[in-house]
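A quick write-up on the structure given underneath.
Only this structure's heavy atoms are used, side chains among them; waters, hydrogens and symmetry mates stay out.
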Amino acid sequence: MEASENNTTAAKKKTGKKILKITAGIVVVLLLLVIVLVTFIVPAYVSSESGRKLILSKANAAGVGVIDFAKLSMSWFKGISVTNISFKNADQGLSVAVKGVSTMPDYGAMLTGNLSFGETVIDEPKIEIDVDKIKQNAAEAKKAPAKPAAKGEARPTAGIPISKINLIVKDGDIKLKDKRGTVEVSKINSKVALLPPGQISTLQLGASIAGPDTVSTVNVNGKVNPGKNWDFTKTSVDLTVEVNNLGLSSLESILAIAGVDMSAKGIVSVDVKAKMQNGTIDNVTASVKGSAIEITAPQLKGDKIKTASLDAQAQISASGNLINIEKLTFATDWLKADAGGTVPMSLASASEFMKKGSKNELKANLECDLPAVAAMLPKTLGLKEQTKLTGGKLVGSVQTIDETGIKMLAGQVSIESLAGVMEGKPISLSEPIKAQAKISAEGEKIKFEKVGVSSAFATVNCSGTTETFNYDAQINLAKLAAELGHVGDD
C-alpha cells in the first residue's frame with residue numbers, strides 16, 4: 001500500500017515538472033513572437049501602404065489641415081524616413097512641402113517621456129505663408145471670448161521635452177506673401193545640436209532674404225553651455241551674428257506674423273560678436289550701419305523717424321558688477337552720442353562704482369538737433385499745428401568728478417538757442433534751459449548731492465537720498481507764456 005502511494009506522489013511530481021516546462025516553453029515562444037512582432041511586423045506595417053493610409057487618416061481627422069506623404073519607412077536600426085511630405089491649410093494661410101525627413105530616434109528614451117533624436121535631416125522644406133490671413137485670424141481670435149478650461153482639465157503647458165536632437169536643415173525656403181508683395185527667405189541651411197545639460201549645444205544658420213529693395217545674407221553661429229541644470233547663472237554663450245544689406249521693408253511681413261505692426265524702409269548691416277560667462281557679459285562687439293532709413297508705427301501717430309545715415313559702434317566688457325565701455329558711439333542725421341569708461345550694472349552696484357579711492361571713470365556726451373526731431377515727430381510730441389522750430393539743440397553730458405575726496409557722477413542737460421514760429425508768432429528762449437545733477441554713494445544708498453533745473457521762467461532745486469527726497473520749485477507762468485506761448489496741443 002505504501003509503495004503504491006509513493007508511486008502516485010512521484011507521478012504527480014513528474015507531471016508538475018512537465019507542466020512547468022510546457023508553461024515556460026509557451027512563455028518563451030510568446031516572448032519570441034512579441035519580439036518578432038515588434039521587430040519585424042510593426043515596422044513592416046508602418047512602412048506599408050496600409051500603415052501609410054492609417055497614419056494619414058488619423059492625422060487628417062484632427063482637422064488642422066490636409067496632410068500627405070509619399071512613403072514612410074521605419075526601422076529599429078536605420079531610423080525613420082518620410083518622403084514628399086505636404087501640408088495645406090488654406091483657412092490659416094499656410095502650406096508646407098518637404099522633399100524628405102529622416103531621423104534616428106532613441107526609442108528607449110521615448111518610452112520614458114523624453115524625446116531624444118540622433119541626426120535628423122529636413123531636406124528642402126518649402127513654406128508659404130499668407131501674412132494677411134494670419135493677421136486676420138489673429139484679430140478674430142482676440143475678439144473671440146476665451147474658453148475656460150473644464151473642471152479638472154489640465155491646461156497645456158509650454159515646452160517640448162526634447163533632451164537631445166541633432167537637426168540639419170538643407171536648402172530651405174520660406175515665402176511670406178501679403179498685399180505689399182512677397183518676401184522670400186531662401187537658401188536656409190542650418191545645424192542645431194541641442195544636447196543634455198552639461199554639454200555644449202551649437203547653432204549654425206545661413207540664409208538669404210530677398211525683399212522689395214534688396215537681397216541680403218544672414219549668418220548666425222552660436223554655442224551654449226548651460227551648466228548641469230540649465231542654470232542661467234552658470235550658463236556660457238558664444239554668439240556671432242552677421243547681417244549684410246538687409247532691406248528693412250522685408251522685415252514688415254516677418255514682424256506682422258509676430259503681431260508687430262511696423263512700416264520700414266532703408267538698408268542695414270549688422271555685425272555682432274558676444275560672449276557670456278556664467279550668466280555675466282564677458283565681451284560684446286557690435287557694429288550697425290544703415291542708410292535711407294524711414295520707420296513708422298501706430299505709436300508714432302502717423303509720424304516717421306528718418307535718417308539718411310546710421311552708424312552705431314560698441315565694444316563692451318564686464319568686470320564684477322561693473323560694465324567697461326571701451327567704445328560706444330551712435331550717430332544719425334539729428335542725433336550724436338558717445339560714451340566711454342565704466343558704469344555700474346545696477347543701482348545696487350553704484351556704491352561700488354563711486355566708493356572712495358575708486359579709479360572708475362565715465363564720460364558721455366549727447367547732442368540732438370531739435371528742429372529736425374520736431375519736424376519728424378510733431379504728432380508724437382503733441383506740438384500744435386503751424387508750429388515750426390528754426391533753431392535749437394539739446395546738449396547733454398555725464399562724467400565722474402572728485403570733490404573733496406568724494407567720487408560723484410555729474411550730469412548736465414541743456415536746451416540752447418531754441419527758436420521758431422507758432423501760429424505766425426515768433427518763439428524763443430532768452431536763456432538756455434539747464435538741468436544739472438550730482439550723485440554720490442552713501443553706504444548702500446544713492447545720495448543726490450544736487451539736482452536742479454534753471455531757466456528764465458523756472459528754478460527747481462532738489463537733494464536727498466533714494467529714501468528721503470526734498471525739493472523746492474518756482475515757476476513764472478507769465479514769463480513762460482511770453483517766451484514759448486502754448487506750444488503743445490491740449
- Message: So does Ile67 get a backbone contact from the side chain of Asn60, meaning a donor-acceptor N/O pair under 3.5 Å?
- Response: yes
Within-4.5 Å side-chain heavy-atom neighbours: Ile165 and Thr103
no
Notebook entry, point to check: Salt bridge between Asp271 and Lys273, side-chain N to carboxylate O under 4.0 Å?
Noted result: yes
query = Would Ser236 and Asn278 satisfy side chain to side chain contact (heavy atoms under 4.5 Å, CB included), going step by step from the backbone distance to the final call?
reply = CA-CA 5 Å; Ser236 297; Asn278 297 323; 4.2 Å; yes
Q | Greater than 12 external heavy atoms within 6.0 Å of Lys393's NZ | A | no
Nearest heavy-atom contact between Gly247 and Ile267 is CA-CD1, 4.0 Å
For the backbone of Lys187 and the side chain of Asn189, can you confirm whether one donor and one acceptor N or O come within less than 3.5 Å of each other? yes
* Scan side-chain atoms only and decide if Ser86 and Asp68 contain a donor-acceptor pair under the 3.5 Å cut-off. => no
Can you tell if the side chain of Val398 reaches within under 4.5 Å of the side chain of Leu362, non-hydrogen atoms only? yes
In this structure, NZ of Lys126 is separated from CD1 of Ile85 (nearest 0.5 Å) by 14.0 Å
May I ask you to decide if Leu72's main-chain N or O and Arg52's side chain share a donor-acceptor pair within less than 3.5 Å?
no
Looking only at heavy atoms, the pair that brings Leu54 and Ser57 closest together is O-OG, 2.7 Å
| said: Any non-hydrogen side-chain atom of Lys177 less than 4.5 Å from a side-chain atom of Lys133? | reply: no
| request: Using modelled atom types only, decide if a donor and an acceptor are shared between the side chain of Ser201 and the backbone of Leu195 within a distance under 3.5 Å. | output: yes
**Prompt:** Run the side chain to side chain contact (heavy atoms under 4.5 Å, CB included) check on Phe69 and Val101 step by step: do they pass?
**Reply:** CA-CA 11 Å; Phe69 60 84; Val101 176; over 6 Å; no
What one should report as the nearest heavy-atom pair of Cys368 and Val373 is SG-CG2, 3.5 Å
| So, Ser287 versus Gln313: side-chain donor-acceptor pair below 3.5 Å or not? | yes
**Message:** We want to know whether Thr307 and Asp333 form a side-chain donor-acceptor pair, criterion being a heavy-atom distance below 3.5 angstrom.
**Reply:** yes
One should read off an interatomic distance between Lys438 NZ and Leu409 CG, to the nearest 0.5 angstrom, of 12.0 Å
Quick check against the 3.5 Å criterion: does Glu252 have a side-chain atom that pairs as donor or acceptor with the backbone of Ala264? yes
With a 4.5 Å heavy-atom cut-off, do Leu94 and Phe87 have their side chains touching? yes
### Message
So does Lys179 get a backbone contact from the side chain of Asp132, meaning a donor-acceptor N/O pair under 3.5 Å?
### Response
yes
Pairwise side-chain contact, Lys191 with Thr202, heavy-atom cut-off 4.5 Å (strictly under): no
- [ ] For the pair Asp171 (side chain) and Glu124 (backbone), establish whether a donor and an acceptor sit closer than 3.5 Å, ignoring hydrogens and angles.
- [x] no
| request: Kindly determine whether Ile295 and Met262 satisfy side chain to side chain contact (heavy atoms under 4.5 Å, CB included), including the steps that lead there. | output: CA-CA 7 Å; Ile295 298 173; Met262 184 192 79; 4.1 Å; yes
Here the side chain to side chain donor-acceptor pair (under 3.5 Å) pairs for residues 360-369, sequence neighbours left out, are Ser358-Asn360, Glu361-Thr400, Glu361-Lys407
Between Gly79 and Pro105, the two heavy atoms sitting closest are CA-CD, 4.3 Å
(Q) Treating Trp334 as the side-chain partner and Lys306 as the backbone partner, does any N or O pair qualify as donor plus acceptor under 3.5 Å? (A) yes
request  = Mind running side chain to side chain contact (heavy atoms under 4.5 Å, CB included) on Ile188 and Leu205 for me, showing each step along the way?
outcome  = CA-CA 7 Å; Ile188 302 173; Leu205 170 64; 4.1 Å; yes
Between the CD1 atom in Ile127 and the NZ atom in Lys175, the distance rounded to the nearest 0.5 Å is 12.5 Å
Taking every heavy atom of Lys265 against every heavy atom of Leu248, the minimum-distance pair comes out as O-CD1, 3.5 Å
- prompt: Is the side chain of Asp303 donor-acceptor paired with the backbone N or O of Lys379 at a distance under 3.5 Å, no angle test?
  reply: yes
When rounded to the nearest 0.5 Å, the distance separating OG1 of Thr120 from CD1 of Ile80 is 9.5 Å
For Val98 and Asp123, the nearest pair of non-hydrogen atoms, with its separation, is CG1-O, 3.5 Å
Check your understanding: Are side-chain N/O atoms of Ser81 and Ser102 paired as donor and acceptor at under 3.5 Å?
Key -> no
Taken to the nearest 0.5 Å, the spacing of Gln136 CD from Asp130 CG works out to 9.0 Å
- Message: Treating Ser319 as the side-chain partner and Leu322 as the backbone partner, does any N or O pair qualify as donor plus acceptor under 3.5 Å?
- Response: no
(request) Please check if atom CG in Leu366 has more than 12 non-hydrogen atoms from other residues, nucleotides or ligands closer than 6.0 Å. (result) yes
Distance col, row Lys336:NZ vs Asp311:CG, nearest 0.5 angstrom, shows 10.5 Å
